[in-house]
Amino acid sequence: MIEYRGYNVIEKNDRVIVENVRDFEPVHIFECGQCFRWLKQDDGSYTGVALGKVVNVSYDNGTLQIINATVNDFINTWFGYFDLGRDYSVIKQQLAKDNIMKKAIEFGHGIRILKQDIWETLISFIISANNRIPMIMKVVASISEMYGEEIIFDSKKYYAFPAVDKLAGSSVEKLKVCKGGFRCKYIAETSVLVRDKAVDLNALSGMSADDARKELAKLPGVGNKVADCVLLYSGTKYDVFPTDVWVKRVMEELYFKREATFKEIQDFARKYFGELSGFAQQYLFYYARENKIGLK
DNA sequence: TTGCAGGGGTCAA
DNA sequence: TTGACCCCTGCA
C-alpha cells in the first residue's frame, strides 16, 4: 500500500483499490450528462473507455475500485480524470446557499466533473446538438469502432476514441455511416481545423473563459452551449454555465419564476455562482433531468 | 401497422 | 428571430 494525496492506494492483481474517497457516486458521475462512454453493468459498476484505456469502476462506502489498472495508472491517469485532487465537500458547502441548491446537491451528492480528453469532448458535444443521450452514445461508439484503436478487456472488444488525424483524414460520406446525420459535416470540418491548429485546443486553458468560448465557436457545429460543455467537461474552465433546455427550464421554474432568455440566465449564474458556476450547473442539470423539472 | 412530432443546438437567411 | 436539419424513439 502507498499513500498518495491523502488516499490509501493498494494494487491487487488486476486492480487498484483506493481508500478514503469521498463525494464519489458512480451513478451521479456517469449519468449526469457529461460523458457518453460509460456503461452500467449488471452489478451496478461502470465499464468505460477513456484516455485510451478500458476500466471498470465501482465504489462502496469510501472505497473506490478500478479494475484493469495499476497504481501507476491511478497516479498518472485516474486521479486526474476523476478530479480526486479536489475537495467537493467544500464546493458543495459554498454552493448550498439556498434551498434549491441544497436539494440539487443532496440529490446529486456524488457528482464529480471528469477531466475528459478535450478532443473527444469536442466531437461528442458537436454530436449532442439537437440529439438525445442514447443516440449520442451510439454515434460516439460507432465513430470509435470505425476509426479508433481496438482494446481488449474481459475478453471483449472496446475501441478508443480516434486521434485527430484519423477523423481529419476521413470523408463526410464515410462518417455518415456512424449516423451522425447533419453533424457529420461539422465533425469533418472541425477535425481538419483542429489538426491544422487553426484552433489550438491546448491553448484554451491559458485564456479567459470568454476568450476560450469565442475561440471554440470558430469551429463549425460549435456554438455557445457546446463550447461551454467542452470547456467544463474537459476540466479546462469551471466558471462556465452550459445552458441547455434542461438548465433553462430548471432556472426558469426554480429561480426566475417566469420565462427567461439565455442571456439572463447566463448573467444570473455568473453573478450568483461565480467561479463555481460549472459545478452548480451539473447539480442543477442532473436534478432537473432526473426529476423532469419544468416539463409540462 | 403506419405516421408524425420532437430532441442536451447550430447555422443561415 | 425563425426554420431546417439526420436519425431514432415514443405514442397516437
Side-chain angles (χ1 to χ4, degrees), chain A residues 27-38 104 107-108 111 113-114 116 120-143 145-146 167 170-194 198-199 212-234 240-254 259-266 269 277-296:
Chain A
V27 183
H28 298 167
I29 293 171
F30 297 124
E31 315 230 356
C32 71
Q34 60 180 325
C35 55
F36 304 103
R37 303 214 68 202
W38 291 87
F107 185 78
I111 287 176
I113 297 183
L114 300 171
Q116 301 180 79
E120 174 175 343
T121 310
L122 171 62
I123 299 302
S124 299
F125 280 90
I126 287 176
I127 296 166
S128 80
N130 193 230
N131 215 339
R132 298 162 191 228
I133 291 175
M135 198 57 207
I136 302 165
M137 294 176 82
K138 276 186 199 168
V139 177
V140 176
S142 182
I143 286 178
E145 183 169 351
M146 186 175 287
L167 291 193
S170 174
S171 65
V172 178
E173 287 67 34
K174 195 178 168 200
L175 268 168
K176 284 203 168 166
V177 176
C178 303
K179 310 287 187 194
F182 63 85
R183 308 164 194 85
C184 290
K185 186 161 67 79
Y186 301 149
I187 295 172
E189 291 171 3
T190 286
S191 299
V192 170
L193 290 171
V194 170
V199 171
R213 184 188 293 118
K214 279 182 199 146
E215 189 64 15
L216 276 173
K218 289 179 182 170
L219 298 166
V222 181
N224 283 330
K225 192 274 176 181
V226 169
D228 283 353
C229 286
V230 173
L231 291 171
L232 182 57
Y233 304 139
S234 62
V240 292
F241 195 76
T243 306
D244 54 46
V245 294
W246 284 104
V247 172
K248 186 165 183 289
R249 282 199 281 251
V250 72
M251 294 299 283
E252 286 173 341
E253 176 143 334
L254 302 180
E259 293 213 342
T261 64
F262 282 95
K263 187 175 181 328
E264 281 180 312
I265 292 170
Q266 293 265 312
S277 291
F279 299 97
Q281 189 271 2
Q282 274 305 275
Y283 292 116
L284 285 169
F285 172 75
Y286 185 62
Y287 181 60
R289 188 170 60 96
E290 295 294 312
N291 294 290
K292 304 201 185 310
I293 287 178
L295 277 194
K296 57 236 175 272

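Here the structure is a predicted model, which is why all the values come from computation and not from measurement. Below, chains carry the letters A, B, ... as their sequence lines are ordered, and counting in each starts from 1.
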Are any protein N/O atoms closer than 3.5 Å to N/O atoms in nucleotides 7-12 of chain C? If there are, list each pair with its distance.
from	atom 1	to	atom 2	distance (Å)
C/dT9	OP1	A/K138	NZ	3.1

Would you list the protein and nucleotides 11-13 of chain B atom pairs, both N or O, that sit under 3.5 Å from each other?
from	atom 1	to	atom 2	distance (Å)
B/dC11	OP1	A/G221	N	2.8

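Between A/E173 atom CD and C/dC6 atom P the separation is 13 Å, expressed in whole Å. Atom NZ in A/K225 sits roughly 9 Å away from atom P in B/dG8 (whole-Å rounding). Distance CD (A/Q282) to P (B/dG8): 15 Å, rounded to an integer number of Å. Computed from coordinates, the A/L175 CG to C/dC5 C1' distance equals 17 Å when rounded to whole Å. Atom CE of A/M251 and atom C1' of B/dG8 are 16 Å apart (whole Å). When rounded to the nearest whole Å, the span between CD of A/E252 and P of B/dG8 equals 15 Å. In this entry the distance linking CD1 of A/I136 with C1' of B/dG7 reads 9 Å, nearest Å. Going from atom CZ of A/R249 over to atom C1' of B/dG9 covers 14 Å, rounded to whole Å.
Sequence neighbours left out, the pairs with a member in residues 28-37 of chain A that pass side-chain hydrogen bond (donor to acceptor under 3.5 Å, both in side chains) are A/E31-A/Y46, A/R37-A/S144.
Counting any heavy atom pair closer than 4.0 Å across all strands shown, A/I126 reaches no nucleic acid atom.
Nearest heavy-atom pair across A/I126 and A/P220 is CD1-O, 3.9 Å. Heavy atoms only, all atoms of each residue included: A/L231 and A/A212 are closest at CD2-CB, 3.8 Å. Considering all non-hydrogen atoms of both residues, A/Q281 and A/V247 come closest at NE2-CG2, 3.6 Å. Across A/V140 and A/S124, no two heavy atoms sit closer than the pair CG2-OG, 3.9 Å. Listed here is the closest heavy atom pair of A/C229 and A/T121: O-CG2, 4.2 Å. In this structure, A/G181 and A/K176 approach most closely via the heavy-atom pair O-CE, 4.0 Å.
Going from the C1' atom of B/dT10 to that of C/dT9 covers 23 Å, rounded to whole Å. B/dG8 and C/dT1: their P atoms are spaced 23 Å apart (whole Å). Only the P atoms considered, C/dA4 is 12 Å distant from B/dA5, to the nearest whole Å. Comparing the C1' positions of C/dC8 and B/dC11 gives a spacing of 23 Å, expressed to the nearest Å.
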Review point. If pairs are Watson-Crick or G-U with both distances under 3.5 Å, what is the dot-bracket string of DNA chain B, marking crossing pairs with [ ] and pairs to another strand with |?
Key: .||||||.|||||
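Within residues 227-234 of chain A, the residues having any heavy atom under 4.0 Å from DNA chain B are, by residue number, A/Y233.
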Practice item. Could you walk me through whether A/L175 and A/L167 pass the side-chain contact (heavy atoms from CB on, under 4.5 Å) test, one step at a time? Key: CA-CA 8 Å; A/L175 268 168; A/L167 291 193; 4.3 Å; yes
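Between the side chain of A/R249 and the backbone N or O of A/A288, no donor-acceptor pair lies under 3.5 Å.
Checked against C/dC5, B/dT10, B/dG8, the side chain of A/F182 finds its nearest nucleotide in C/dC5.
With respect to the salt-bridge test (charged N to carboxylate O, under 4.0 angstrom), the residues A/K248 and A/E252 qualify.
Ring centroids of A/F36 and A/F125 are separated by less than 6.0 Å, placing the two rings close together.
Stacking annotation: A/F285 is stacked on the base of B/dG8 (ring centroids less than 5.5 angstrom apart, interplanar angle below 30 degrees).
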Using atom types as modelled, flag every donor-acceptor pair under 3.5 Å from a side chain in residues 130-139 of chain A to any protein atom, sequence neighbours excluded.
from	atom 1	to	atom 2	distance (Å)
A/N131	ND2	A/I127	O	3.1

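For the 3.5 Å distance criterion, the side chains of A/Y233 and A/Q282 qualify, holding a donor opposite an acceptor.
Ring orientation note: the planes of A/Y287 and A/F107 are nearly perpendicular, at an angle over 60° on the 30°/60° scale.
Between A/R183 atom CZ and A/T190 atom OG1 the span is 13.5 Å, to the nearest 0.5 Å.
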